[in-house]
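This report concerns only the one structure given below.
By convention here, the first residue in the shown sequence is residue 1.
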Amino acid sequence: DEKILVVSFLYPKEYYEKLLEDLERILAREYRDTPHAKEDWKTRMKVIRLYPGHLKPNDLYNRIEWELDSAELYGDPYTCVVIDGIHNVYLQFPQIEDYSLFWPQLNNSLRSRSIMTITTHTTLSVRRAIEGGAADPSPPIDDNRSEPLRHALVQKTDFQFEVDPVPADEYPENEYLSSLFAIRTMSAIGQPIPTGHVLWDRENLKLMDPPPKK
């Protein structure tokens, strides 16, 4: 039984509800012969949708804390917090961007709870920023919009994944190229880091091994 709190700088509530329905449908199809599977995969979700503007750091921090504390006091705590689209803090939430202690405080608070935290950040390629040359179009790693991500990474992040579009010349015969992304494991605490990548089909929500190159 999972209970998820989504803090969204990116999408409305309906987006996550549709995504959850799609995932539950895929799980039901793949594990239809598993006894009590539907009950075992029960997932509840609440979305805190944030709109661009002058949202104060203490208001957002308290809103998240009160939601987590309330669930714990009712004996039904959240098992996961998803902070989605933290790149949008840059420019769209100026008061949060200007308050440099917000992300360390929030991450430290979440670390103190028995809860999984997932943070997403797009428009930044850490691997390319490190390995790429002068012609690399990726934003530099010290750009302001990467600051929330860097705060999350130094908080003993267990796993770090990078999701990149598949280069057009890598699988030229793939008709689903526009929906395919390469997922690489950048770090994993206490575990070996696999080489290479797997492919993620975002339209069908499936992971697959990359086909052999010709």
Side-chain angles (χ1 to χ4, degrees), residues 2 4-32 34 37-38 40-45 47 49 79-89 115-132 136-139 141 145-146 148-150 152-153 157-214:
E2 295 288 343
I4 303 172
L5 176 64
V6 179
V7 181
S8 176
F9 292 94
L10 196 56
Y11 296 116
K13 176 182 179 181
E14 292 75 16
Y15 169 84
Y16 300 98
E17 290 177 338
K18 176 64 166 55
L19 186 61
L20 183 59
E21 290 177 0
D22 291 342
L23 289 172
E24 289 178 341
R25 184 170 60 253
I26 291 172
L27 285 173
R29 184 170 64 246
E30 292 184 351
Y31 298 95
R32 57 182 176 272
T34 304
K38 189 173 183 179
D40 294 340
W41 296 328
K42 181 180 179 183
T43 301
R44 293 167 292 152
M45 178 178 62
V47 178
R49 170 74 189 280
T79 59
C80 179
V81 174
V82 178
I83 305 177
D84 193 19
I86 58 175
H87 60 281
N88 281 339
V89 173
I115 192 169
M116 178 189 296
T117 302
I118 300 173
T119 304
T120 72
H121 187 300
T122 62
T123 72
L124 173 74
S125 175
V126 175
R127 180 175 54 85
R128 291 180 183 176
I130 294 174
E131 299 174 358
D136 196 308
S138 305
I141 191 65
R145 71 186 66 189
S146 71
L149 176 65
R150 285 178 285 152
L153 293 178
T157 300
D158 293 327
F159 300 97
Q160 177 191 347
F161 302 100
E162 184 168 301
V163 183
D164 295 316
V166 175
D169 58 349
E170 193 163 343
Y171 305 107
E173 298 180 1
N174 195 323
E175 58 181 314
Y176 303 107
L177 184 62
S178 62
S179 70
L180 285 182
F181 290 78
I183 299 182
R184 292 175 175 82
T185 303
M186 306 300 291
S187 64
I189 290 183
Q191 300 183 40
I193 300 176
T195 58
H197 63 271
V198 296
L199 296 179
W200 172 50
D201 185 342
R202 70 176 179 180
E203 298 298 331
N204 297 305
L205 301 179
K206 290 183 178 180
L207 291 174
M208 63 192 81
D209 292 325
K213 295 182 181 180
K214 296 183 179 180

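- Within the 4.5 Å cutoff, the side chain of H121 has no heavy atoms near those of the T119 side chain.
- A search for side chain to side chain donor-acceptor pair (under 3.5 Å) contacts involving K206 returns nothing, not counting sequence neighbours.
- Screening T43, V81, L20 for a side-chain contact (heavy atoms from CB on, under 4.5 Å) involving I4 leaves a single residue, T43.
- Between A182 and L199 the shortest heavy-atom distance is CA-CD2, 4.4 Å.
- The environment of CE in M208 is crowded: more than 12 heavy-atom neighbours from other residues, nucleotides or ligands sit within 6.0 Å.
- Residues H87 and L10 have side chains in contact (heavy-atom distance under 4.5 Å, counting atoms from C-beta outward).
- Note: W200 and F181 have tilted aromatic rings, judged against thresholds of 30 and 60 degrees for the angle between ring planes.
- Contact detail for D164 and E162: the closest heavy-atom pair is OD2-OE2, 2.9 Å.
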Checklist entry - Is there a side chain to side chain donor-acceptor pair (under 3.5 Å) between S8 and D84 once you walk through the steps? => result CA-CA 5 Å; S8 176; D84 193 19; 4.8 Å; no
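- The closest side-chain heavy-atom distance from T79 to I115 is not below 4.5 Å.
- The CD atom of E14 sits 13.0 Å away from the CG atom of L19 when rounded to the nearest 0.5 Å.
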Next on the checklist: One pair to check against side-chain contact (heavy atoms from CB on, under 4.5 Å): V198 and D209. What are the steps and the verdict?
Outcome noted: CA-CA 5 Å; V198 296; D209 292 325; 4.3 Å; yes
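- Rounded to the nearest 0.5 Å, atoms NE2 (H197) and CG (L207) are 12.0 Å apart.
- Shown here for Y16 and Y11, the closest heavy-atom pair between the two residues is CE1-O, 3.4 Å.
- In terms of heavy atoms, F159 sits closest to Q191 at CZ-NE2, 3.4 Å.
- Between R49 and K13 the shortest side-chain heavy-atom distance does not fall below 4.5 Å.
- Minimum interatomic distance between I26 and N204 (heavy atoms only, all atoms of both residues): CD1-O, 3.3 Å.
- With values rounded to the nearest 0.5 angstrom, I86 atom CD1 is found 7.0 Å from T120 atom OG1.
- Closest of all the heavy-atom pairs between E17 and M45 is N-CE, 3.7 Å.
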